Amino acid sequence: MSVLKKLAPAIVVACAVAAPNVYASEDAKHAIVTQLLTKPVPELAGKELEMITVEYPPGSIDPVHRHDAHALVYVLEGTIVMQVKGGKEVTLKPGQTFYEGPNDVHTVGRNASQTEPAKFIVVLLKKQNAPILTVIE
C-alpha cells in the first residue's frame, strides 16, 4: 500500500507549507484533508498548532489511528460518528465538538450518511514536525 493511500483516509499534512494542500486517494470513500494553518507555539517549546478541515464523502470510514496530539474537532456540515478506545461512540452534527487526547486510539471515525457528505475542522496541539496521524494496523 502506498504511503499516500495509507495516510489519506484520515489526516495527512506537510508542515510549514504556505498554501493549503488537499490530500485524497483515488478511492472516493476516503477523507479529503486540507491544511489551513501550522503555527509554532513559542510558550510550549517544541510544540505547534495545526488546523485542518476533513471532508468525508458519503460512506467514508477512517482506519483505526492515533494522533499523538490534543485534537479538537468541530463539525461544520453533515453528521459524523466518532469514538476513542474505551469511550462511548458519539454521533455529532453541525456545531457539536469532540476531543481526542494524545494517548487516545481513534477506533471509529466515519460519515454517518451513505448519501450526504460531512465536513469538520480539527485543531491539533502536537510536537513540531510530527505526523498528524499514525495508522494502527
Side-chain angles (χ1 to χ4, degrees):
M1 177 183 283
S2 74
V3 172
L4 181 59
K5 274 188 151 185
K6 187 174 183 180
L7 297 177
I11 303 171
V12 179
V13 297
C15 295
V17 177
N21 286 320
V22 175
Y23 297 84
S25 85
E26 307 82 51
D27 183 346
K29 295 289 185 186
H30 288 173
I32 300 166
V33 178
T34 304
Q35 180 189 21
L36 302 175
L37 173 74
T38 301
K39 181 87 173 143
V41 182
E43 299 83 2
L44 300 172
K47 300 286 186 178
E48 68 186 5
L49 288 168
E50 186 100 32
M51 181 185 290
I52 60 172
T53 57
V54 179
E55 296 178 60
Y56 280 163
S60 180
I61 299 173
D62 284 339
V64 175
H65 63 276
R66 62 181 304 124
H67 296 287
D68 298 321
H70 293 278
L72 303 169
V73 175
Y74 182 83
V75 181
L76 299 169
E77 302 170 8
T79 304
I80 63 173
V81 180
M82 298 285 176
Q83 180 179 18
V84 294
K85 187 174 183 177
K88 182 179 170 185
E89 184 175 288
V90 294
T91 300
L92 304 167
K93 295 182 179 185
Q96 293 185 304
T97 61
F98 186 76
Y99 169 79
E100 286 181 59
N103 298 315
D104 287 333
V105 174
H106 194 155
T107 55
V108 177
R110 65 179 169 85
N111 188 337
S113 175
Q114 295 295 317
T115 59
E116 299 296 323
K119 184 175 183 179
F120 54 98
I121 193 163
V122 183
V123 176
L124 298 117
L125 176 63
K126 64 182 192 62
K127 290 181 185 176
Q128 280 186 307
N129 302 315
I132 289 209
L133 170 128
T134 302
V135 174
I136 297 178
E137 298 190 41

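The structure displayed is predicted, hence computed values, not measured ones.
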Looking only at non-hydrogen atoms, find the nearest pair between [X] and [Y] and report the distance.
X	Y	value
P58	P117	CG-N, 3.9 Å
P57	A31	CD-CA, 4.2 Å
K126	E50	CE-OE1, 3.4 Å

Nearest-0.5 Å distance that lies between atom [atom1] in [X] and atom [atom2] in [Y]:
X	Y	atom1	atom2	result
I121	T97	CD1	OG1	13.0 Å
F120	E55	CZ	CD	10.0 Å
K127	L124	NZ	CG	14.5 Å
H70	L49	NE2	CG	11.0 Å
I52	T38	CD1	OG1	9.5 Å

Legend entry - Any donor-acceptor N/O pair, N111 side chain to S60 backbone, under 3.5 Å: no

Inset, instruction - Report yes or no: does Q96 contribute a side-chain atom to a donor-acceptor pair with the main-chain N or O of V75 at less than 3.5 Å? - result: no

[X] with [Y], same ILVMFWY side-chain cluster at under 4.5 Å:
X	Y	answer
V108	L92	no
V123	L44	yes
L37	V41	yes
V105	Y99	no
L125	Y74	yes

Using a 3.5 Å cut-off and no angle test, enumerate the donor-acceptor pairs between side-chain atoms of residues 79-90 and protein atoms at least two apart in sequence or in another chain.
residue	atom	partner	partner atom	Å
Q83	NE2	G87	O	2.8

Legend entry - side chain to side chain contact (heavy atoms under 4.5 Å, CB included) assessment of V54 paired with K119: CA-CA 6 Å; V54 179; K119 184 175 183 179; over 6 Å; no

Inset, instruction - Give every residue pair that meets the salt bridge (Lys or Arg N to Asp or Glu O under 4.0 Å) criterion with at least one member in residues 65-76, sequence neighbours excluded. - result: R66-D68

Legend entry - Of all pairs that satisfy salt bridge (Lys or Arg N to Asp or Glu O under 4.0 Å), the ones with a partner from residues 31-45, not counting sequence neighbours: none

Legend entry - Any D62 side-chain heavy atom under 4.5 Å of L133 side chain: no

Inset, instruction - Fit a plane to each ring of H65 and H106, take the angle between them on a 0 to 90° scale, and name the class: parallel (under 30°), tilted (30 to 60°) or perpendicular (over 60°). - result: tilted

